[in-house]
Amino acid sequence: MSTRTAIVTGAARGIGAAVARRLAADGMAVAVLDLDESACAKVVAEIEADGGKALAVGADVSDEAAVAAAVERVATELGAPTVLVNNAGIIRDNLLFKMTVADWDAVMSVHLRGAFLMSRETQKHMTEAKFGRIVNLSSTSALGNRGQANYSAAKAGMQGFTKTLAFELGKFGVTANAIAPGFIETEMTAATAARVGMDFDDFKALAAKEIPVARTGRPEDIANAVSFFAGEDAGFVSGQVLYVAGGPKA
Ligand SMILES: NC(=O)c1ccc[n+]([C@@H]2O[C@H](COP(=O)([O-])OP(=O)(O)OC[C@H]3O[C@@H](n4cnc5c(N)ncnc54)[C@H](O)[C@@H]3O)[C@@H](O)[C@H]2O)c1
């Protein structure tokens with residue numbers, strides 16, 4: 001079997017960076033895609049230092065033309081992408097009565113439009129190869145979370161999107177699954193702590209009190225789950241949502 005090529009969106013930092021490193025360690029060539037190409041250089045260098053193969057790609061996942069160009073470049077420079085991790089994400093939290101249309105649209109655009117465009121563009125490579133793995137990042141917020149009307153709707157939407165891809169693409173050897181993380185220590189959760197005026201360590205300690213395994217999650221916890229869904233052995237697992245939250249969230 002030749003080396004698989006994976007694209008991980010939002011991979012310059014946080015969960016995406018950990019996923020990119022893990023898939024490279026699993027033997028895949030990895031496109032580290034994020035808004036700013038230069039911001040991907042560090043993750044690419046880390047992968048290369050460990051003997052892996054990676055490419056920095058700058059693209060906004062919500063921009064149709066940019067997505068087409070990025071996927072084309074990955075296919076040419078790394079090989080046909082048959083593994084896709086839709087991880088790019090933003091938060092624009094606010095209570096409903098204060099949420100602007102711009103807050104709503106921005107969140108929908110990155111998570112849902114982004115995952116749609118990336119999946120549509122890469123599926124041709126997957127169906128041609130008769131192999132594909134799509135892993136979408138949902139969230140425990142899909143179950144509802146105060147201050148996140150936009151984000152929870154987008155993350156619930158990711159689950160429906162995943163299940164439809166599983167139905168449509170299954171016969172081509174392509175699986176689609178979603179991972180719904182709980183609290184993971186990244187700049188996203190650090191920003192939430194800052195928004196509510198809390199020190200990040202205090203914020204994590206408070207969150208850990210509500211988590212059955214008594215700790216907050218790390219990006220590697222999510223990368224481990226992605227590694228399973230993206231692997232050769234997971235071909236009969238499709239349309240699933242795995243809560244990786246230190247407890248039974250759903
Ligand atoms: N951190 C958590 O607790 C948590 C929990 C549940 C789900 N998630 C989800 O996991 C994913 C990663 O989260 P994280 O905590 O690592 O976030 P993060 O903010 O640390 O990283 C997100 C990355 O996505 C990139 N990005 C944003 N918009 C983009 C766009 N339009 N095109 C390309 N890249 C873009 C950012 O530049 C950034 O590098 C997100 O989808 C998030 O919603 C995170």
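All ligand and atom numbering here is 1-based and tracks the order in the structure.
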Open item on the list: If only side-chain N and O atoms count, and only distance matters, is there a donor-acceptor pair under 3.5 Å linking S227 with N224?
Closed with: no

- [ ] May I ask you to decide whether E121 forms a salt bridge with K124, counting only side-chain N to carboxylate O separations under 4.0 Å?
- [x] yes

Task: Protein residue, atom and distance nearest to atom 15 (O) of ligand 1, heavy-atom basis - done: T186 OG1, 2.5 Å

- [ ] Please confirm whether G182 comes under 4.0 Å of ligand 1, counting heavy atoms of the residue only.
- [x] yes

Task: Per-atom contacts of ligand 1 with I90, taking only distances under 4.0 Å to non-hydrogen atoms - done: 27 (C), 28 (N)

Task: atom 24 (O) of ligand 1: the protein heavy-atom neighbour that sits closest, reported with distance to 0.1 Å - done: G10 CA, 3.3 Å

TODO: Measure up the F203 and F183 rings against each other and bin them: parallel (under 30°), tilted (30 to 60°), perpendicular (over 60°).
DONE: tilted

TODO: Would you tell me which option among I15, D60, V85, N136 has the nearest heavy-atom contact to atom 31 (N) of ligand 1?
DONE: D60

Task: Residue-ligand contact S138/ligand 1, heavy atom below 4.0 Å - done: yes

Open item on the list: Any heavy-atom pair between the side chains of Q123 and F172 that's under 4.5 Å?
Closed with: no

TODO: Write down the atom of G173, the atom of R133, and the distance for their closest heavy-atom approach.
DONE: O-NH1, 3.7 Å

TODO: Please test R120 against E64 for salt bridge (Lys or Arg N to Asp or Glu O under 4.0 Å), starting from the C-alpha separation and ending with a verdict.
DONE: CA-CA 10 Å; R120 192 183 64 176; E64 187 178 13; 2.8 Å; yes

Task: From the candidates V57, V19, N87, I222, the one that places a heavy atom nearest atom 40 (C) of ligand 1 - done: N87

TODO: Pull out every atom of ligand 1 sitting under 4.0 Å from any heavy atom of A59, numbered as shown with elements.
DONE: 32 (N), 33 (C)

Task: N/O separation below 3.5 Å, V110 to ligand 1 - done: no

Task: Nearest protein heavy atom with distance in Å, relative to atom 29 (C) of ligand 1 - done: L35 CG, 3.7 Å

- [ ] Indicate yes or no: does D221 engage R215 in a salt bridge with an N to O separation below 4.0 Å.
- [x] yes

TODO: Before accepting this row, confirm whether a basic side-chain N of the pair K53/E48 lies closer than 4.0 Å to the acidic partner's carboxylate O.
DONE: no

TODO: Mark up the atoms of ligand 1 that fall under 4.0 Å of a heavy atom belonging to H111, in ascending order.
DONE: 41 (O), 43 (O)

TODO: Out of T9, I184, T140, indicate the one that has the non-hydrogen atom closest to atom 2 (C) of ligand 1.
DONE: I184

- [ ] Could you verify whether a donor N or O on one side chain and an acceptor N or O on the other, from N136 and N86, lie under 3.5 Å apart?
- [x] yes

Open item on the list: Test your reading of the structure: does Y151 have an N or O sitting under 3.5 Å from an N or O of ligand 1?
Closed with: yes

Task: Closest candidate by heavy atom, reference atom 25 (C) of ligand 1, pool L33, V43, D63, D34 - done: D34

TODO: Say whether Q240 and N177, considering side chains only, have a donor N or O and an acceptor N or O under 3.5 Å apart.
DONE: no

Open item on the list: Using a 3.5 Å cut-off on N or O atoms only, is R13 in polar contact with ligand 1?
Closed with: yes

Task: Salt bridge flag under 4.0 Å for residues E187 and R13 - done: yes

Task: Which of the ligand 1 atoms, numbered from 1, are nearer than 4.0 Å to a heavy atom of T189 - done: 1 (N), 2 (C), 3 (O)

Task: Closest contact, heavy atoms only, T186 versus P219 - done: CG2-CG, 4.1 Å

TODO: Determine, using heavy atoms of E185 and all atoms of ligand 1, whether some pair is separated by less than 4.0 Å.
DONE: no

Task: Minimum non-hydrogen distance to atom 22 (C) of ligand 1, winning option of A106, G89, G14 - done: G89

Task: Protein heavy-atom partner closest to atom 32 (N) of ligand 1 - residue, atom, separation in Å - done: V61 N, 3.0 Å

- [ ] Below 4.0 angstrom from a heavy atom of F183, which ligand 1 atoms are there? Numbered from 1 as shown, please.
- [x] 3 (O)

